[in-house]
Protein chains: 2
Amino acid sequence: MPLMKSWVASANDATHPFPLNNLPYGVFSTEGSHPRCGVAIGDMILDVTAAEAKGFIDLIEEPLFDLPFWNPLMEQGPAVWAALRNRLTGLLAAGSEEQEKIEPLLVAQAEAEMHMPFAVSEYTDFYAGRHHAQNVGTMFRGPENALPPNWLHIPIGYNGRASSVVVSGTEIRRPWGQLKGPNDSLPRFAPSQRFDIELEMGAIVGIPSDGPVSVQEADDMIFGYVLLNDWSARDIQAWEYQPLGPFQAKATATSISPWIVPKAALEPFRCNTPERDVELLDHLKDVGPMLYDIDLQVTMAPEGKAATTIARTNYNQMYFSAAQQLAHHTTSGCPMNTGDLLGSGTISGPTKPERGSLLELSWGGKEPLTLDSGETRSFIEDGDTLTLTGSAKGKGYIIGFGDCSGTVLPALPKPYKR
Amino acid sequence: MPLMKSWVASANDATHPFPLNNLPYGVFSTEGSHPRCGVAIGDMILDVTAAEAKGFIDLIEEPLFDLPFWNPLMEQGPAVWAALRNRLTGLLAAGSEEQEKIEPLLVAQAEAEMHMPFAVSEYTDFYAGRHHAQNVGTMFRGPENALPPNWLHIPIGYNGRASSVVVSGTEIRRPWGQLKGPNDSLPRFAPSQRFDIELEMGAIVGIPSDGPVSVQEADDMIFGYVLLNDWSARDIQAWEYQPLGPFQAKATATSISPWIVPKAALEPFRCNTPERDVELLDHLKDVGPMLYDIDLQVTMAPEGKAATTIARTNYNQMYFSAAQQLAHHTTSGCPMNTGDLLGSGTISGPTKPERGSLLELSWGGKEPLTLDSGETRSFIEDGDTLTLTGSAKGKGYIIGFGDCSGTVLPALPKPYKR
């Protein structure tokens with residue numbers, strides 16, 4: 001599929017993240033106005049809440065965009081998703097007869113503040129990137145025992161904390177926690193010294209389920225994708241995670257990019273999962289190309305300094321797809337709901353510059369990174385801004401996600417005094 | 001405090017779970033009517049939604065009981081909680097001048113169906129019962145390494161799945177999952193053969209927080225308590241839980257008792273946590289008697305057979321209180337919300353008949369239980385009904401919780417065919 005032309009001129013630039021082929025969903029506000037639903041087109045946002053109120057979008061009997069999140073659309077399912085996408089394309093395509101009426105409903109992105117695009121129902125984070133699991137396992141258990149015995153058979157995951165999911169731009173407060181170094185006799189309570197990122201993609205569940213679903217059904221339930229940074233306190237995690245997994249180490253915040261990229265916009269970029277070392281059990285088998293070819297990168301900018309690109313990788317490095325993760329998530333009968341967010345797990349490629357966390361990039365702090373400013377980093381320092389970006393490259397256009405960014409603030413001087 | 005007399009005669013029985021001293025909160029419906037808020041008094045339920053609509057309860061400007069869950073009250077905080085309790089006591093006490101007007105708002109519990117009493121925001125399950133952790137650790141790692149190194153320092157917990165929390169009486173479908181026995185070369189996908197209970201108490205967060213809170217602040221945030229059965233598939237857990245903790249093993253269902261017992265009703269039963277082997281760090285230290293003296297028991301009834309009591313223990317066996325768990329939960333800055341549910345962890349006492357799970361009672365299946373019917377059990381069989389009950393014993397009265405019960409149905413004949 002080539003670039004689809006829009007009457008919004010900026011959307012026709014071959015390097016713009018938001019061409020007519022994309023049409024991602026966000027929630028925005030402008031000065032003095034309430035948050036409302038919008039769709040990105042070039043440098044502009046179409047105010048979808050206003051477009052519906054004025055009758056230009058009329059999908060079902062009830063209003064779908066009168067609340068400041070996309071969940072009401074998400075729960076409608078693929079037919080209504082397709083109808084909206086079709087209607088938006090019609091309104092915004094070059095030559096649209098409705099251009100004159102729609103132009104007043106456009107807002108410049110430069111003037112908009114972005115909010116959480118959906119209400120997160122529950123948040124699950126997986127560990128399904130093979131190179132990441134291999135790297136972390138090698139550091140902790142040696143290369144022979146790097147992958148746990150179950151790893152090639154099930155997408156390992158844990159339940160995260162939905163209340164901690166925030167939109168890009170939200171400042172992140174360095175957490176306190178219980179820490180105990182290998183040579184300490186007792187733990188102490190202190191700010192995390194090994195605060196880190198995890199480069200991930202987030203899949204958003206549109207249609208709920210109530211019982212086990214197949215991989216194909218799971219894929220059909222997914223509404224769209226965001227970039228996701230699962231902020232992680234490695235020192236808190238090291239002390240707390242046995243035997244029940246990460247808890248407070250992963251509860252400070254998880255940032256997502258502000259625009260939900262519709263699954264439909266990513267379909268041209270479908271690609272295969274890697275070859276399997278061991279055959280998957282039937283209920284998890286691939287049912288076609290299950291991943292997407294999406295370039296990802298991470299930049300780090302110390303306070304007041306330019307950003308350095310510290311990692312480049314691709315979503316095609318995942319071992320298990322979001323649909324396989326979701327199918328596994330339902331095997332026990334676990335009900336899934338509209339607004340459930342599934343983190344892919346950290347995405348790392350096979351070589352060092354492709355690693356999606358500082359833990360891997362600095363090899364547990366043993367090989368600090370040197371930034372373009374000359375500073376070195378093993379983990380995040382106060383004032384650092386970490387930014388994830390991602391895009392799928394089409395012929396003459398790209399599908400972008402918008403930045404997923406956060407600046408780390410110093411820990412509270414003392415807990416309990418806010 | 002002695003038994004407080006009510007004009008509802010059944011509430012004055014010294015062995016009744018719902019005297020005027022209790023006044024627990026539930027959501028009920030009767031044939032042909034919508035679910036609404038109610039308070040248990042003796043064998044009856046006061047229709048609180050109707051009482052508010054008729055002007056007998058008037059706490060704040062907005063209605064608090066027009067939705068079928070208690071969250072709107074829960075988020076109001078202790079002053080409004082106390083005002084409601086005071087008003088209900090006035091309406092229902094012996095000699096109340098309003099008896100005649102209130103009597104028509106009573107519904108027999110025998111005619112009511114109970115629903116979830118609150119909307120669960122997120123669900124966290126802890127592992128803070130020492131005898132349970134000791135027993136399970138001994139089975140898996142031997143008695144010397146039974147307690148993980150962190151166990152005496154932090155209340156170990158993991159995020160559970162809020163969507164799987166159901167009210168007592170809901171049937172529980174045996175889950176499918178990936179299983180791999182110690183002698184199997186590969187995992188297989190099959191119904192769980194080691195499906196189990198966990199006897200727990202659930203603490204319900206009333207007031208939200210946004211940053212670390214002290215143990216005292218955490219205690220003030222708690223609205224009330226329920227009985228909680230964290231249904232657990234031990235064979236799924238054994239295969240999946242390394243390295244990120246339990247996931248599908250605990251996602252089939254968690255049952256809670258239908259009545260939220262207000263914290264105020266339990267205050268006379270405050271008791272101390274056990275002596276500490278190692279001093280807790282300041283942010284987790286006890287700030288007074290932190291537990292409650294609540295007798296707990298579990299019965300098991302095979303299909304069509306009488307129930308056998310299989311365990312008796314007490315909530316005073318916990319090592320960490322709900323307030324300590326909640327304070328720990330916020331250390332990282334994790335936001336807590338109205339309706340968050342915290343499972344205590346399995347409550348076991350020091351002797352065999354005090355163990356709160358079949359895993360412990362049958363010692364991993366090596367010592368099957370014999371029920372009164374003559375049947376034996378290592379784990380749950382299809383058709384078995386498991387019931388938790390609990391009560392605090394006052395002078396001349398008890399504070400009961402109502403049953404937390406569930407019957408296990410056979411696994412789906414094949415997954416994906418519902």
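Within every chain, numbering begins at 1; the chains are lettered A, B, ... in the order of the sequence lines, protein sequences first and strands thereafter. A quick note: this is a predicted structure, and the numbers were derived from the prediction, not measured.
- Atom CG in A:Asn159 sits 10.5 Å away from atom OH in B:Tyr123 (nearest 0.5 Å).
- At a threshold of 4.5 Å between non-hydrogen side-chain atoms, the residues A:Lys180 and B:Asn150 do not count as touching.
- Of the atoms belonging to B:Pro243, heavy atoms from both backbone and side chain fall under 4.5 Å from chain A.
- B:Trp176 and A:His283 have their aromatic ring centers separated by at least 6.0 angstrom.
- Among B:Ile236, B:Leu244, B:Ile154, the residue with the largest count of heavy-atom pairs under 4.5 Å with chain A is B:Leu244.
- Proximity to chain A is absent for every atom of B:Ser192, based on heavy atoms less than 4.5 angstrom apart.
- In this structure, A:Glu122 contributes its side chain and B:Ala162 its backbone to a donor-acceptor pair below 3.5 Å.
- In summary, A:Arg173 and B:Asp210 do not engage in a salt bridge, as defined by a charged side-chain N under 4.0 Å from a carboxylate O.
- Of the atoms belonging to B:Gln242, heavy atoms from both backbone and side chain fall under 4.5 Å from chain A.
- Expressed to the nearest 0.5 Å, how far CD of B:Glu279 lies from CG of A:Leu186 amounts to 9.5 Å.
- Proximity to chain A (any heavy atom under 4.5 Å) is restricted, for B:Asp340, to the side chain, taken from C-beta onward.
- Residue B:Arg174: no heavy atom, backbone or side chain, is found under 4.5 Å from chain A.
- Put simply, NE2 on A:His153 and CZ on B:Phe189 are 15.0 Å apart, with the number rounded to the nearest 0.5 Å.
- Between A:Thr124 and B:Phe247, the closest side-chain pair of non-hydrogen atoms falls below 4.5 Å.
- A heavy-atom distance below 4.5 Å is found between the side chains of A:Trp239 and B:Pro149.
- Taking the side chain as every heavy atom from C-beta outward, A:Met336 and B:Ser163 never approach each other to under 4.5 Å.
- For a residue to count as touching a neighbouring chain, one of its non-hydrogen atoms must lie under 4.5 Å from one of that chain's; by this rule B:Pro208 does not touch chain A.
- For B:Phe126, the part lying near chain A is the side chain, with the backbone staying farther off; criterion is any non-hydrogen pair under 4.5 Å.
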